[in-house]
Each structure stands twice: as structure tokens, then as C-alpha cells.
> 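Following this message is one structure expressed as C-alpha cells.
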2 protein chains.
Amino acid sequence: MNIGKAAEASGVSAKMIRYYESTGLIAAAERTQAGYRNYGQRDIDTLRFIRRARDLGFSVEQMHDLLALWRDQSRASADVKRIALQHVAELERKAQQLQEMSRVLTHLAENCHGDERPDCPIITGLAENDR
Amino acid sequence: MNIGKAAEASGVSAKMIRYYESTGLIAAAERTQAGYRNYGQRDIDTLRFIRRARDLGFSVEQMHDLLALWRDQSRASADVKRIALQHVAELERKAQQLQEMSRVLTHLAENCHGDERPDCPIITGLAENDR
DNA sequence: CTTGACCTTCCCACCGTGGGAAGGTTTATC
DNA sequence: GATAAACCTTCCCACGGTGGGAAGGTCAAG
């Protein structure tokens, strides 16, 4: 499977596949005689995993850890668990932050009548001087 | 007030103030004879507004809209509300995805704990189940 | 065999942010 | 009043991700 097909199958653009390869996030793909990259199902699975992690805002570095966790079955379970739970904690923290933002904004929006009148607590809320 | 003081007072770094000016998000500050930027209370208010919006995860583009609405006394609050709720939906979506990922990772940590089998069933599930 | 769709590498752009250099200005200290 | 520290200015560079596109090679279908 060439890079275009792999991109389509995984949801990761060809550009990004090359980029991930260049940064070492994924192993260099094998090549045909002509130099075309060649991908198998296993690679597609990896790319899909990457896409999901990326969609969730993981950095390349974090994805690196996630992939290692994902791939390396010979690791001590304590290590695996520690890394995983670390990431879980981070995910939870991020999710909480987002929800806090959402909560604040929703609160402001609830008090905004949303008509043609200019008064809007969202605006005044943002403009308030307190830190 | 020079840029350093303005940065301190607003919580936006001097670097970013210059950047926001360069991109047109804020108006060019007036200058002293020596070329130093000079800020007044009104500018500080604007910068604080920006910082808070930024903290809530608004993009520069969204901030542009919000600022216009903030400054426009004749705006309709509905416009503001629309932008805010749009952003809320985005935040919620992201938060949910993070929690979903957290759930998956927790599951992974609990079940794929380093035995010697070459394939972890959770992994294949991960790659298959999406989209 | 030609043509179009693909592939390769390469450089450029963007955003938002920070680092830092080179040079000018203000302020505080002696 | 001189000097040094702290500030300002512009400029370029870097990062992580991502896309655009050019120049050139390759594959497959007509």
C-alpha cells in the first residue's frame, strides 16, 4: 500500500505520515525499488492510533510514549501502568480545564438574553478587571 | 505606561503585545519621541480582555470578533452569545473526547500489562473501532 | 507511448510563543 | 554629570504540527 492509500485508510495525511517518520515517531517505512514507501495493515493500525491521540491534543512526544506503551508488550507491567496512568491523569486534568472553561462561558451565556440589545454579560465578564 | 508595565498590568507578555499589534488584533500603540510604545488604561483593559479570552481557549480569530463586539456599543448580544455557545460546544466536544481517551487508556493499563503474547487484544480493538 | 495521477525531496507559510542579538533610551546610583 | 542597569526598539530563529507547492521521478490506463 502506498502512502496515498495509507493516508486514506488511516485518516492521517501523507504529509503528516512523512513528518512523523522524519521525527522518528514512526519507523521508516520500507520502500519499493523506485523509492515509494510501502505500508501494511500493521502500519495502518499504528497511524490510526496516532490520529486518535493527535485528535485529542497529544503532543508528538506524548504520542511517542503512548505508542511505546501500545507496542511494547514485554515491559514490566508496573512501568506500563505508571505511564498509562500518568497520561490518564493528564487527560483528566485537560478535560477538567476544558469543562471549567465551558462552565464559565455557559454561565455568562445564560445571563445573556441574546437579542438585539447590546447588554451582554459575556462581554462584561471578559472585560472585568479582576484577575 | 511603557510596554513592560502594560505587560505586567495586563498579564500579556510584551512579546505578545507586539505580536497582537503586528497582526492587527489591537491598534498600533502611540509612541513617545524615542519610539517607545505608550499605553493607557483603555489599552490595559483591552489587553486584559484578550488575556481572559485567551485563557478560555478562544482563538485569535474569535478574539478578533469578540473584541469588535466588545467595542461596538450597538452590537446585538445575540451575536456574542452565538460565538460563546459555539465555543462552548467545541470545548465540550473536546472534553468528552479526552475522557473517552482516558477511559480507553485506563482499560489498556488494566488489561495489557506486559505478558509475553505478541498481540494485545485491546490494541487491535483500538485500531479497528474507530471511524 | 503519452498522459495523468501518483510518488519523492525540498523549501515556504502559518500560528502563538519564547529566546536572543544589536542597538538606542531612560533611570538610578555614585 | 558620568556610568551602569534596566528598559525599549526591530530583527531573525526556534519550536510543533500542518498545509501548499515546485521540480523531478514512476506507475497505470488509454
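Numbers restart at 1 for each chain; the letters A, B, ... are given by sequence-line order, proteins then strands.
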> Taking OP1 and OP2 of C/dT9, is either one under 4.0 Å from a side-chain nitrogen or oxygen of A/Arg31?
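The answer is yes; a side-chain N or O of A/Arg31 sits under 4.0 Å from OP1 or OP2.
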> For A/Ser59, report the nucleic acid contact type (base, sugar-phosphate, nothing); a contact means any heavy atom under 4.0 Å.
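Sugar-phosphate, backbone atoms only, no base.
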> From CD1 of B/Ile17 over to C1' of D/dC8, roughly how many Å is that when rounded to an integer?
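These atoms are roughly 13 Å apart.
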> Measuring to OP1 and OP2 of C/dG18, would you say a side-chain N or O of B/Tyr19 lies under 4.0 angstrom away?
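Checking C/dG18 against B/Tyr19, no side-chain N or O comes under 4.0 Å of OP1 or OP2.
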> Would you classify B/Thr32 as touching base, sugar-phosphate or nothing, given that sugar-phosphate means primed atoms plus P, OP1 and OP2, and contacts are heavy atoms under 4.0 Å?
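No contact.
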> Any donor-acceptor pair under 3.5 Å linking the side chain of B/Arg37 with the backbone of B/Glu30?
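Flag not set: sc B/Arg37 to bb B/Glu30 has no pair under 3.5 Å.
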> Please determine whether a side-chain nitrogen or oxygen atom of A/Asn2 lies at a distance below 4.0 Å from atom OP1 or OP2 of C/dC6.
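Answer no for this pair, as no side-chain N or O of A/Asn2 is under 4.0 Å from OP1 or OP2.
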> Near A/Arg31 CZ, under 6.0 Å, is it more than 12 heavy atoms from other residues, nucleotides or ligands?
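Atom CZ in A/Arg31 is packed in, count exceeds 12.
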> Just how far, in rounded Å, is P of C/dA5 from NZ of A/Lys5?
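Computing the A/Lys5:NZ to C/dA5:P distance gives 14 Å.
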> Please report the closest heavy-atom contact between A/His64 and A/Gly24, naming both atoms and the distance.
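Here A/His64 and A/Gly24 meet closest at NE2-O, 3.9 Å.
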> Could you say whether A/Ala34 or A/Tyr20 is positioned toward the 5' end of DNA chain D, judged by the nucleotide with the nearest heavy atom to each?
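The answer here is A/Tyr20.
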> Round to a whole Å and report the spacing from CD of A/Glu21 to C1' of C/dT9.
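From A/Glu21 CD to C/dT9 C1': 12 Å.
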> Assess whether one donor atom and one acceptor atom, taken from the side chain of A/Lys15 and the base of D/dG17, lie less than 3.5 Å apart.
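Not at all, since no donor on one side and acceptor on the other fall under 3.5 Å apart.
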> Among C/dT8, D/dC8, C/dG16, which nucleotide sits nearest the side chain of B/Met16?
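Comparing C/dT8, D/dC8, C/dG16 against the side chain of B/Met16, the answer is C/dG16.
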> Between A/Glu61 (CD) and D/dC15 (P), how many Å, whole number?
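One finds 13 Å between P of D/dC15 and CD of A/Glu61, rounded.
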> If you compare every side-chain N and O of B/Ser13 against the phosphate oxygens of C/dT17 (OP1, OP2), does one of them come in below 4.0 Å?
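No, because none of the side-chain N or O atoms of B/Ser13 sits under 4.0 Å from OP1 or OP2 of C/dT17.
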> Would you indicate, yes or no, if D/dT18 has its OP1 or OP2 atom less than 4.0 angstrom from a side-chain nitrogen or oxygen of A/Arg51?
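False: A/Arg51 side-chain N/O out of range (4.0 Å or more) of D/dT18 OP1/OP2.
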> Could you measure the distance from the CZ atom of B/Arg51 to the CZ atom of B/Arg48? Nearest 0.5 Å is fine.
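Atom-to-atom, B/Arg51:CZ and B/Arg48:CZ are 7.5 Å apart.
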> Please indicate whether B/Glu61 has more than 12 foreign heavy atoms, meaning atoms of other residues, nucleotides or ligands, lying under 6.0 Å from its CD.
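Result for CD/B/Glu61: open.
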> Nearest whole angstrom, please: distance from the P of C/dA5 to the OH of A/Tyr36.
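About 14 Å, once rounded to whole Å.
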> Report which part of the nucleic acid A/Arg18 touches: base, sugar-phosphate, or nothing (heavy-atom distance under 4.0 Å, all strands).
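Touches a base.
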> Give A/Thr23 one of three labels, base, sugar-phosphate or nothing, depending on what nucleic acid heavy atoms sit under 4.0 Å from its own.
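A/Thr23: no heavy atom of the nucleic acid under 4.0 Å.
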> Taking the nucleotide of DNA chain C with the closest heavy atom to each, which residue, B/Gln33 or B/Arg54, is nearer the 5' end?
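Closer to the 5' end of DNA chain C: B/Arg54.
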> What integer distance in Å separates B/Ile50:CD1 from C/dG16:P?
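Atom CD1 in B/Ile50 sits about 12 Å away from atom P in C/dG16.
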> Checking B/Asn38 side chain against B/Asn2 main chain: does a donor-acceptor pair fall under 3.5 Å?
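Checking the backbone N and O of B/Asn2 against the side chain of B/Asn38, no donor-acceptor pair under 3.5 Å is found.
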> Can you measure A/Glu30 atom CD to C/dT8 atom P for me and round it to whole angstrom units?
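Result: 13 Å.
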> A/Asn38 has an atom CG; how far is it from atom P of C/dC7, in whole Å?
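Distance check: A/Asn38 CG to C/dC7 P gives 12 Å.
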